[in-house]
Amino acid sequence: MSDQPRVEIYTKTDCPYCEKAKDLFDSKGIAYETYNVTDDDDRFEEMVARADGRKTAPEVFIDDELIGGWDDTSALNETGELDAKLGIATEDDGEIVDHRPLIIAGTGIAGLTAAIYAGRSNNDPLVIEGDEPGGQLTLTTDVANYPGFPEGIGGPELVNNMKEQAKQFGAELKNGIIESVDDSSRPFRVEMKDGDVYTADAVIAASGASARTLGIPGEDELMGYGLSTCATCDGAFFRGEDMLVVGGGDAAMEEATFLTKFADTVYIAHRREEFRAEDYWVDRVHEKVEEGEIEIMKNTELTEIHGSQEDGVDHVTLVENDKGHPTDRLDDPETEQFDFDVGAVFFAIGHTPNTDYLDETAVRTDDEGYLKTTGGDGGGQTETHVSGIFGAGDVVDYHYQQAVTAAGMGSKAALDADEYLEALERADSSAEEAEPAAADD
Ligand SMILES: Cc1cc2nc3c(=O)[nH]c(=O)nc-3n(C[C@H](O)[C@H](O)[C@H](O)COP(=O)(O)OP(=O)(O)OC[C@H]3O[C@@H](n4cnc5c(N)ncnc54)[C@H](O)[C@@H]3O)c2cc1C
């Protein structure tokens, strides 16, 4: 016990990434101390000082060394360096650790639903958590449209319930990230970022999608210092500031509405005239506009974020043109560029499907990178172009991207995989039956 390094985690209330950090250490059986900085100014100042000025939780320390936020901790975990720092690294890199009938990539709603079904079908699924354990829904405190919860339910709570349900049916959840899948022979060879290798007869890709960024000046330096892709995680740190939300879909509307709890005024910059978001969210935003808590900047795009890691975001540069998409019209004399003071910026501009680990397989993707599946009616809707690899949830679905649709596709993928595995078993047993007859001749 005493050999274990000292792990400290600064957290705050309602912080999904803090929960992910704690879950990660829990899954490794590592004890840690937590300090909640919410409403504790001294602890907050202490965290900022120890974390080189970063004002975002969590901040993780191992034996006084700053590891960083969730992204840094998770990146270190991917390479196996976190285990080395914790003194729990294993020596079996590159060797086949285990064979499973089914490996599921992702513990979002799609992966966990697939795990529940696959566990019940005795397919002994190994479910890999990836760099966002629990998936996107862990970033929202308020899921009001998932059937069966008339009062709504918190995203982390829904995901944790699903994890428990999947484990009850025999699914094994494992921290780690899949680096690649090799489909050149069977079983599939599934290589993890930490070097471990698994083999599997079937794979369900339920790897979802990751938050997009803009690639504009100021972004890299200020991410975590006033720029964030998660309002529920970081909004409270900028209490009393003016805040800018970039985007025009459901996530942008939800985040802007949420941020009114903390902001002086929330500004939404959207590059077009019309929002893409559901009417429900647009109506809620308009209510807040009437109450003076939100202002909408249509046909406006963010081009630069100014500030410093010491003092956070100071102001932003925006461009505006009534015809929309102003950055495509920078030469148009009607495009106006202006600076605008805000204390925090939140990106809510959609997602990129996570399919890198399938790059060397023959699965096909569309122009945006979403995984192509058979679709249509009847069985096998979730099959990709590689027999034995199935796709479910936001990694396939560029259109609906909802928890309930991800769950639906997860169940379909598990049922399709079960049929595939049964057919494989039947083929193996008939081959075995045929073999001795040939030998007897
Ligand atoms: C802020 C926010 C609020 C939302 N609110 C709602 C709502 O109220 N209602 C609603 O219906 N929907 C909501 N959504 C949408 C909903 O969260 C998604 O549609 C749903 O989570 C998609 O589930 P998924 O399992 O397909 O993917 P994800 O949730 O994206 O999960 C993907 C999983 O794959 C893992 N992964 C990725 N790459 C790898 C890899 N290489 N190896 C192993 N694992 C990997 C990730 O770590 C993660 O666990 C919201 C989304 C956001 C961002």
Side-chain angles (χ1 to χ4, degrees), residues 16 20 23-24 70 74 77-78 103-115 126-147 149 152-156 158-159 162-163 173-181 190-194 198 203-212 228-233 235 245 247 249-258 277-278 280-281 346-359 370-371 382 391-411 413:
K20 284 175 198 276
D23 285 349
L24 178 63
W70 165 249
S74 158
N77 187 43
E78 280 174 29
I103 287 183
I104 299 172
T107 53
I109 298 296
L112 290 173
T113 308
L126 179 67
V127 197
I128 311 292
E129 296 254 24
D131 61 353
E132 202 173 290
Q136 297 166 61
L137 214 60
T138 57
L139 304 180
T140 180
T141 48
D142 177 21
V143 184
N145 55 5
Y146 198 83
F149 299 96
I153 182 166
L158 180 61
V159 164
M162 284 189 170
K163 284 189 176 180
L173 272 58
K174 187 173 167 43
N175 256 295
I177 296 179
I178 300 177
E179 169 78 18
S180 64
V181 174
V190 177
E191 200 159 317
M192 306 289 292
K193 281 217 163 139
D194 66 5
Y198 293 85
V203 172
I204 293 177
S207 40
S210 297
R212 269 193 203 133
S228 167
T229 56
C230 179
T232 47
C233 315
V245 173
D250 285 351
M253 302 299 114
E254 184 182 352
E255 300 217 337
T257 309
F258 172 81
E278 269 183 68
Y280 168 81
W281 280 115
F346 295 87
F347 285 167
I349 48 173
H351 292 84
T352 304
N354 300 317
T355 56
D356 288 1
Y357 65 104
L358 296 170
D359 279 354
Y370 286 92
L371 203 54
T382 64
D394 282 12
V395 71
V396 174
D397 169 22
Y398 62 90
H399 182 70
Y400 294 105
Q401 298 203 324
Q402 291 293 296
V404 71
T405 51
M409 288 173 85
S411 70

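As the structure lists them, so they are numbered: ligands from 1, and atoms in each ligand from 1. Only heavy atoms go into these numbers, but all of them, side chains included; no hydrogens, no water, no symmetry mates.
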Asks: Quick one: which ligand 1 atoms are inside 4.0 Å of a heavy atom on T107?
Replies: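 Once the distances to T107 are compared, the set is 33 (C), 49 (O).
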Asks: Measure the shortest side-chain to side-chain distance between W70 and P133 over non-hydrogen atoms and say whether it is less than 4.5 angstrom.
Replies: yes
Asks: May I ask which of E254, E78, K193 has a heavy atom nearer to atom 5 (N) of ligand 1 than the others do?
Replies: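 Result: the heavy atom closest to atom 5 (N) of ligand 1 is in E254.
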Asks: Just do the side-chain contact (heavy atoms from CB on, under 4.5 Å) check on D397 and T405 with the steps written out, would you?
Replies: CA-CA 9 Å; D397 169 22; T405 51; 3.8 Å; yes
Asks: So is G393 polar-close to ligand 1, meaning N/O to N/O under 3.5 Å?
Replies: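 Such a contact does not occur with ligand 1.
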Asks: Tell me whether ligand 1 is touched by A209 - counting only heavy atoms on the residue side and a distance under 4.0 Å.
Replies: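 Checking ligand 1 against A209, which is what was asked, there is a heavy-atom contact under 4.0 Å.
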Asks: Report the residues that fulfil salt bridge (Lys or Arg N to Asp or Glu O under 4.0 Å) with E129, sequence neighbours left out, ordered by chain and then residue number.
Replies: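 Counting only residues at least two positions away or on another chain, E129 forms a salt bridge (Lys or Arg N to Asp or Glu O under 4.0 Å) with K163.
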Asks: If the condition is salt bridge (Lys or Arg N to Asp or Glu O under 4.0 Å), which residues does K20 pass it with, not counting sequence neighbours?
Replies: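 Once residues adjacent in sequence are excluded, K20 has no partner under the salt bridge (Lys or Arg N to Asp or Glu O under 4.0 Å) criterion.
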Asks: Suppose I only count heavy atoms of A406 and a 4.0 Å limit; which atoms of ligand 1 are within that range?
Replies: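 Selected atoms, number and element: 22 (C), 23 (O), 26 (O).
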Asks: On a heavy-atom basis, I'd like to know which of A251, S207, G176 is closest to atom 38 (N) of ligand 1.
Replies: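 Looking at heavy atoms only, S207 sits closest to atom 38 (N) of ligand 1.
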Asks: Does any N or O atom in A110 lie less than 3.5 angstrom from one in ligand 1, N or O only?
Replies: yes
Asks: Which residue supplies the protein heavy atom nearest to atom 13 (C) of ligand 1, what is that atom called, and how far is it?
Replies: L137 CD1, 3.6 Å
Asks: Please evaluate residues F346 and T229 with respect to the criterion side-chain contact (heavy atoms from CB on, under 4.5 Å), reporting the C-alpha separation (whole Å), side-chain torsions for both, the decisive distance (0.1 Å), and the verdict.
Replies: CA-CA 5 Å; F346 295 87; T229 56; over 6 Å; no
Asks: In terms of residue, atom name and distance, what is the protein heavy atom nearest to atom 11 (O) of ligand 1?
Replies: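 Result: A403 N, 2.8 Å.
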Asks: Quick test: of every protein heavy atom, which one is nearest to atom 7 (C) of ligand 1, and how far off is it to 0.1 Å?
Replies: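 Checking every protein heavy atom, the shortest distance to atom 7 (C) of ligand 1 gives N145 OD1, 3.8 Å.
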Asks: By number and element, which atoms of ligand 1 are closer than 4.0 Å to a non-hydrogen atom of I109?
Replies: 23 (O), 25 (O)
Asks: State, yes or no, whether a side-chain contact exists between V143 and L137 at a heavy-atom distance under 4.5 Å.
Replies: yes
Asks: I'd like to check V159 versus L112 (side-chain heavy atoms, cut-off strictly below 4.5 Å). Are they in contact?
Replies: yes
Asks: Calculate, to the nearest 0.5 Å, the distance between atoms CD1 and CZ belonging to I349 and R212 respectively.
Replies: 7.5 Å
Asks: Considering distance alone, does some N or O of Y357 sit under 3.5 Å from an N or O of ligand 1?
Replies: no
Asks: Answer yes or no: does an N/O atom from I177 fall short of 3.5 Å to an N/O atom of ligand 1?
Replies: no
Asks: What protein heavy atom lies closest to atom 18 (C) of ligand 1? Include the residue and the distance to one decimal.
Replies: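 Closest protein heavy atom to atom 18 (C) of ligand 1: D394 OD2, 3.3 Å.
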Asks: Should I128 and I177 count as side-chain neighbours, where that means a heavy-atom distance under 4.5 Å?
Replies: no
Asks: Scan Q136, H351, Q402 and name whichever one has a side-chain contact (heavy atoms from CB on, under 4.5 Å) with D394.
Replies: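 Per the side-chain contact (heavy atoms from CB on, under 4.5 Å) rule, the option paired with D394 is Q136, out of Q136, H351, Q402.
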Asks: Could you name the option among Q136, E132, H351, Q401 that has the heavy atom nearest to atom 51 (C) of ligand 1?
Replies: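 Heavy atom nearest to atom 51 (C) of ligand 1 belongs to Q136.
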Asks: Do any nitrogen or oxygen atoms of I178 lie less than 3.5 angstrom from nitrogen or oxygen atoms of ligand 1?
Replies: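 Yes.
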